[in-house]
Amino acid sequence: MKRNLSLMIKPSSSKCNLNCKYCFYHSIAEARDIEDYGFLKEDTLKVIIEKASDYCNGGSCVIGFQGGEPLLIGLNFYKKLIEFVKDFGNNTNFSFSLQTNGTLITDEWAEFFSKNNFLIGLSLDGNKDIHNLNRVNYKNEETFNKVMRGIKLLQKYNVEFNILTVVTSALCKKIESTYNFFKKNNFKYLQFIPCLEPLENTSLTSRKFSITKEEYKNFLMKLFDLWYEDAINNNYVSIRMFDNILGLFFNQDYEACDMKGVCSCQHIIESDGSVYPCDFYTYETYKIGNILTDSFNIMHRNTTTINFLNSSINKNSKCNSCKYYSICRNGCRRHRENQVNNLNYFCEAYYDFYSYSIDRFNDVAFKIKTRKIIL
Ligand code: SF4
Ligand code: SF4
Ligand code: SF4
C-alpha cells in the first residue's frame, strides 16, 4: 500500500549561529534535560530514508529541515541525503524543504538547493529596522544585510523560497511598511506567525515578545485590507493563512497544521533520532519514539502519540456554538495552552477577524472562479 509521510528533521539540533531575542526553540532546548543533541549522524540519516521509504512504499515523503540552524551541519550532509534517496529511496517520491535564517547561504548552497529542488523558507521580519530589532547574533550584531545577501543568492540560482515573519508588537505597528517592503522586493510568498510565549510561562499577564489579542486582531485586519486590495487588482500576494481560508471556498481543506483544529503527527526528528509529534512539543515528555529503534507504525500506536492527538480534539462549548467554527476550529492547540477551558488565546481576535473579512474572502474566491482574478 502506498502511503504519504511528512517529516521534520533537526540536523543541527538546537544549535544556531544567531541568538534571536524571541527564539522559541532556544526556550524549549533550555527547558529540556539535554539542550543540544549534537549533529545528526549519517547513519541516522540513512535509517530515516530507509524507514520512510519502507513506510511510503511508492507514496510521497516530504522532508523538511529546521533548527536551530540546519545549514550549520554543512553541505556534505545534504549531499549524502541525495545519495541515500537514490540508493534506498525505492520508488517513493521524496521532496525537500528547509527553514533557514539565511545568513550562511553561499553560491554553493544556493546551487545545490536549485539543483535538488529544495523549497526554502527564509526567516525575515521585514525591513532593516524591524528585522534587526530581534534577529541578532551572539555578539548582538544585526543580521539584516546577511539575510538579504542570502536571498539574493537564492534568486540568482532560481531557488524557490518563501518568507517567514514572526509577528511581534513592534511589527504590529508597522504592518503596511512591512508588507510594502516585501512587495517592493518581489517577495510574494509570505507566512506570518504570532510570536509565542514559552510554554513554561504560565502567566497570562507577563508577556515579553508575544502579542496581545488586540494587537493580533488589528494585525490580521490591516494585513487583510492590504492583501484584499492587491488581490482584486490582480496583484495576488500569497499569504499562507489567507490562502488556506480561500481554499475552503474551493472545497480544499486546510494544509496548514495549525489551522486544522486537531493536531496531526508531524514526526519532528531531533539529531539523536528521537521523534516528537510537533515542533512546539519537542520536550522529553512528548517523545513518541526513536527512529533508530522504532518503526513509524509503532510510533503511531504509541500512547503518547494517541494522547497528544486526542487532547487536541476541541471540547470547548463556546466554539461548538460559534458561527465561525468551520473556519476557526479553535485554532492551533499550542495557543490553547494555559488558557481557561482550552479556549484559544486568540479567540476574540479570530472571531472579529472572520466577521470583518469573510465576505471579502468570498468575493476574492468568486473573482478567481470567474477569472476576474488570475493567480
Ligand atoms: S535563527 Fe531561528 S533558531 Fe536561530 S536563534 Fe533565530 S529564531 Fe532561533
Ligand atoms: S500544536 Fe498546532 S502546529 Fe502542533 S500539531 Fe497541534 S495543531 Fe499542529
Ligand atoms: S472564534 Fe473563538 S469561539 Fe469561535 S471557533 Fe474560534 S476560538 Fe472558538
Side-chain angles (χ1 to χ4, degrees), residues 6 8 10 12-30 36 65-72 99-104 121-125 131 134-138 143 146-147 150 164-166 168 193-196 199 209 213 216-217 220 254-268 276-282 286 288 305 308-337 339-356 358:
S6 70
M8 179 66 73
K10 292 178 174 289
S12 317
S13 191
S14 61
K15 274 190 273 301
C16 188
N17 58 323
L18 301 193
N19 188 25
C20 302
K21 294 175 189 165
Y22 50 53
C23 179
F24 91 93
Y25 208 66
H26 279 169
S27 323
I28 290 180
E30 279 164 21
D36 179 356
F65 295 90
Q66 211 185 50
E69 173 49 53
L71 299 198
L72 280 179
Q99 183 67 39
T100 174
N101 63 43
T103 57
L104 301 173
L122 229 299
S123 302
L124 177 70
D125 282 356
H131 180 89
N134 295 310
R135 301 194 74 91
V136 292
N137 65 15
Y138 281 90
T143 60
K146 283 189 179 160
V147 178
L164 182 87
T165 299
V166 177
T168 55
I193 52 165
C195 190
L196 288 173
L199 208 49
F209 295 102
K213 306 164 200 195
Y216 196 42
K217 176 177 87 175
L220 289 174
Y254 291 143
E255 56 75 27
C257 183
D258 61 346
M259 298 178 77
K260 287 181 177 171
V262 282
C263 294
S264 49
C265 184
Q266 299 180 48
H267 314 101
I268 311 299
Y276 305 84
C278 168
D279 198 21
F280 296 136
Y281 294 89
T282 47
Y286 292 101
I288 62 171
T305 314
F308 180 80
L309 300 181
N310 284 346
S311 65
S312 71
I313 295 169
N314 182 40
K315 296 181 187 79
N316 190 282
S317 57
K318 189 176 173 195
C319 296
N320 293 338
S321 56
C322 172
K323 70 196 258 201
Y324 297 116
Y325 184 70
S326 63
I327 310 168
C328 175
R329 308 173 192 181
N330 203 8
C332 172
R333 166 227 175 100
R334 176 64 177 79
H335 298 149
R336 302 176 201 158
E337 293 285 355
Q339 301 300 308
V340 179
N341 290 334
N342 217 19
L343 186 66
N344 196 296
Y345 171 71
F346 292 120
C347 169
E348 288 153 41
Y350 287 138
Y351 190 93
D352 289 350
F353 170 64
Y354 293 129
S355 319
Y356 181 75
I358 207 66

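In what follows, every heavy atom counts, from backbone to side chain, and hydrogens, waters and symmetry copies are set aside. Start at 1 and go down the list; that is how both ligands and their atoms are numbered.
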Colleague: Using a 6.0 Å cut-off, check whether atom CG of Asn341 has over 12 heavy atoms from anything other than its own residue.
Modeller: no
Colleague: At less than 4.0 angstrom from any non-hydrogen atom of Tyr325, what atoms of ligand 3 do you find?
Modeller: 5 (S)
Colleague: Quick one, Tyr356 and Leu220 - any side-chain contact, counting heavy atoms below 4.5 Å?
Modeller: no
Colleague: We want to know whether Glu69 and Thr100 form a side-chain donor-acceptor pair, criterion being a heavy-atom distance below 3.5 angstrom.
Modeller: yes
Colleague: May I ask you to test the Lys217-Tyr351 pair for a side-chain heavy-atom distance under 4.5 Å?
Modeller: no
Colleague: In terms of relative ring orientation, are Tyr350 and Phe346 parallel, tilted or perpendicular, with 30° and 60° separating the classes?
Modeller: perpendicular
Colleague: Please list the nearest protein heavy atom to atom 4 (Fe) of ligand 1 with its residue and the distance rounded to 0.1 Å.
Modeller: Cys16 SG, 2.3 Å
Colleague: Please confirm whether Gly68 approaches ligand 1 to less than 4.0 Å, judged on its heavy atoms.
Modeller: yes
Colleague: Is the side chain of Arg336 donor-acceptor paired with the backbone N or O of Gly331 at a distance under 3.5 Å, no angle test?
Modeller: yes
Colleague: Taking Lys10 for the side chain and Gly67 for the main chain, is one N or O donor matched with an acceptor at less than 3.5 Å?
Modeller: yes
Colleague: Quick one, Arg135 and Tyr22 - any side-chain contact, counting heavy atoms below 4.5 Å?
Modeller: yes
Colleague: Between His335 and Asp258, is there a side-chain heavy-atom distance shorter than 4.5 Å?
Modeller: no
Colleague: For atom 1 (S) of ligand 1, what's the nearest protein heavy-atom neighbour? Residue, atom name and distance, please.
Modeller: Arg135 NH2, 3.4 Å
Colleague: Does the side chain of Lys323 reach to within under 4.5 Å of the side chain of Ser355, using non-hydrogen atoms?
Modeller: no
Colleague: For ligand 1, which atoms, with element, lie under 4.0 Å from some heavy atom of His26?
Modeller: 5 (S)
Colleague: Distance under 4.0 Å to a non-hydrogen atom of Tyr281: what atoms of ligand 2 satisfy this?
Modeller: 1 (S)
Colleague: Taking 4.0 angstrom as the limit and counting only heavy atoms of Asn101, give me the atoms of ligand 1 inside it, by number and element.
Modeller: 1 (S)
Colleague: Can you pull out the closest protein heavy atom to atom 8 (Fe) of ligand 1? Residue, atom name and distance to 0.1 Å, please.
Modeller: Cys23 SG, 2.3 Å
Colleague: For Asn17 and Asn137, indicate whether the former's side chain and the latter's backbone hold a donor-acceptor pair under 3.5 Å.
Modeller: no
Colleague: If the cut-off is 2.8 Å, does any N/O/S atom of Cys328 fall short of it from atom 8 (Fe) of ligand 3?
Modeller: no
Colleague: Determine whether Asn101 and Lys146 make a side-chain contact, defined as any pair of heavy atoms from C-beta on separated by less than 4.5 Å.
Modeller: no
Colleague: For atom 6 (Fe) of ligand 1, what is the nearest protein heavy atom, given as residue, atom name and distance?
Modeller: Cys20 SG, 2.3 Å
Colleague: Quick one: does any side-chain atom of Asn134 pair with a main-chain N or O of Cys20 as donor and acceptor, under 3.5 Å?
Modeller: no
Colleague: Show which atoms of ligand 3 fall inside a sub-4.0 Å distance from at least one heavy-atom site of Cys347.
Modeller: 1 (S), 2 (Fe), 3 (S), 7 (S)
Colleague: Around atom 2 (Fe) of ligand 2, how many protein N, O or S atoms are closer than 2.8 Å?
Modeller: 1
Colleague: Atoms of ligand 2 less than 4.0 Å from Ser264 heavy atoms?
Modeller: 5 (S)
Colleague: Against heavy atoms of Gln266, which atoms of ligand 2 measure under 4.0 Å?
Modeller: 3 (S), 4 (Fe), 5 (S), 8 (Fe)
Colleague: Where the side chain of Arg334 meets the backbone of Asp279, is there a donor-acceptor pair that is under 3.5 Å apart?
Modeller: no
Colleague: Of the backbone atoms (N, CA, C, O) and the side-chain heavy atoms from C-beta on, which set of Glu69 has a member under 4.0 Å from an atom of ligand 1: side chain, backbone, both, or neither?
Modeller: neither
Colleague: Going by the order shown, which atoms of ligand 1 are within less than 4.0 Å of some heavy atom of Leu18?
Modeller: 5 (S)
Colleague: Need the ligand 3 atom indices (1-based, order shown) with element for anything under 4.0 Å from a heavy-atom of Asn330.
Modeller: 5 (S), 7 (S)
